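Contents: one structure, followed by commentary.
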4 protein chains.
Amino acid sequence: MTAPKDHNSRSRNGNADDRLRLLVERIERMEEEKKGLGDDIKDVYNEAKAVGYDAKMLRQIVRLRKMQPADRREMEATLEVYKAALGID
Amino acid sequence: MTAPKDHNSRSRNGNADDRLRLLVERIERMEEEKKGLGDDIKDVYNEAKAVGYDAKMLRQIVRLRKMQPADRREMEATLEVYKAALGID
Amino acid sequence: MTAPKDHNSRSRNGNADDRLRLLVERIERMEEEKKGLGDDIKDVYNEAKAVGYDAKMLRQIVRLRKMQPADRREMEATLEVYKAALGID
Amino acid sequence: MTAPKDHNSRSRNGNADDRLRLLVERIERMEEEKKGLGDDIKDVYNEAKAVGYDAKMLRQIVRLRKMQPADRREMEATLEVYKAALGID
DNA sequence: ATTGCGGTTTTTGCCC
DNA sequence: GGGCAAAAACCGCAAT
């Protein structure tokens with residue numbers, strides 16, 4: 001089924017339409033907020049640039065800090081893989 | 001210049017350090033919020049799917065509503081032209 | 001079991017090593033080829049753009065042609081329903 | 001402009017249509033090849049699995065080998081960034 | 001100014 | 001069906 005059915009013909013599907021519209025509007029509101037946050041972040045980068053920092057490098061730092069835990073685990077896991085692959089237990 | 005210079009040797013560059021750290025932390029906080037919002041949006045799509053909507057088409061709708069009507073119609077028209085040329089439909 | 005065992009201790013697991021290395025290298029070679037093809041495809045899109053076509057709509061067309069006609073029509077129909085419900089067009 | 005114009009009405013736009021069709025078909029051929037390569041790669045993973053290797057781990061190894069040079073450079077660059085940000089020349 | 005390009009994010013398809 | 005890897009769209013920058 002593609003969409004909820006509305007068997008009350010008197011409503012001219014107003015109920016289903018409203019349900020859809022509500023969902024879409026909730027999403028749009030959140031996406032706006034999300035976009036606002038994205039803009040704020042961009043502002044901070046510009047502010048940083050304005051006081052002499054290199055935005056690209058800042059992004060690199062942020063990315064690196066984010067990646068550290070995940071990456072360390074991945075490296076560890078892969079190390080285990082190598083050992084296993086080479087038959088060292 | 002890559003970073004602000006701090007000519008007061010007594011500070012041992014603590015000021016520059018703090019400035020950088022502060023910027024990075026502000027960004028990280030905002031990115032976290034942004035990620036949370038993204039997760040919330042995904043939840044709404046799942047909720048929509050749970051009541052019978054096609055999430056992929058929903059995304060398409062949200063995209064269409066973001067566009068200017070004129071642009072949207074132009075896109076749609078172009079697509080129709082190409083479809084006709086290739087015998088689609 | 002994670003990897004094939006090599007019980008011939010004299011080989012110092014050279015066989016397992018080589019087997020792994022060989023597999024990885026085969027994969028890497030194929031992935032390179034695959035990437036080359038991807039670049040070629042991009043070139044064609046650029047060429048199309050250069051003679052006046054809208055690359056994004058072209059991609060859409062290619063996607064549509066890949067689908068089963070029945071599926072394509074179903075998608076299109078669903079989208080129309082949603083558009084109508086939200087008063088688009 | 002969205003598509004090349006064909007002012008020769010006698011041709012019923014056959015020329016423009018053919019041009020489009022040709023482009024699309026070239027793309028489709030290449031995408032098929034690309035897909036074939038993707039399938040071949042998948043086969044190798046399955047073959048590896050069949051002789052006891054863990055495909056997921058193999059993928060990790062391949063990814064790691066691909067990332068190594070880029071990642072090392074990124075780390076180096078970021079190190080420089082840190083130094084610069086802290087005013088150490 | 002315009003357009004190609006690198007990188008970031010979003011979407012899609014896949015395997016478990 | 002939910003998470004993960006590949007593809008596509010989007011954006012700002014740079015270079016011409």
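Chain letters run A, B, ... following the sequence lines, proteins first, then strands; residues in each count from 1. Predicted model, so just to flag it, every value in this text is computed and none were measured.
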Name the closest nucleotide to the D/Lys49 side chain, picking from E/dT12, E/dC16, F/dA7. E/dC16
How would you label the contact of D/Lys56 with the nucleic acid (heavy atoms, under 4.0 Å): base, sugar-phosphate, or nothing? nothing
Quick one: CG on B/Leu86 to CD on D/Glu25, what's the gap to the nearest 0.5 Å? 8.5 Å
Indicate, with a heavy-atom threshold strictly under 4.0 Å, whether D/Lys66 touches base, sugar-phosphate, or nothing. nothing
Can you check the A/Tyr45 OH to E/dG7 P distance for me, whole Å? 15 Å
Would you indicate, yes or no, if E/dT11 has its OP1 or OP2 atom less than 4.0 angstrom from a side-chain nitrogen or oxygen of C/Arg63? no
Base, sugar-phosphate or nothing for A/Arg59? Non-hydrogen atoms, less than 4.0 Å. nothing
Atom pair distance, as rounded to whole Å: CD in B/Gln60 and P in F/dA8: 16 Å
Expressed as a whole number of angstroms, how long is the span from C/Ile41:CD1 to F/dA9:C1'? 17 Å
Main chain of B/Asp54, side chain of C/Tyr82: is a donor-acceptor contact present, judged purely on distance under 3.5 Å? yes
Separation of F/dC4 C1' from D/Leu58 CG (nearest whole Å): 17 Å
When you check the side-chain N and O atoms of D/Arg63 and D/Gln60, is any donor under 3.5 Å from an acceptor? no
Can you tell me how far apart CZ (B/Arg65) and CZ (B/Arg72) are? Round to the nearest 0.5 Å. 10.5 Å
A/Glu74 CD to F/dA5 P, in whole Å, measures 8 Å
Can you tell me the distance, in whole Å, between the NZ atom of A/Lys35 and the C1' atom of E/dT10? 15 Å
Rounded interatomic separation in angstrom, taking CG from C/Asn46 and P from E/dG6: 12 Å
Length of the line joining A/Lys34:NZ and E/dT9:C1', which is rounded to integer Å: 8 Å
Distance in Å, C/Leu37 CG paired with D/Glu32 CD, rounded so as to fall on 0.5 Å steps: 11.0 Å
Select base, sugar-phosphate, or nothing to describe what D/Lys42 touches, counting heavy atoms under 4.0 Å on all strands. sugar-phosphate
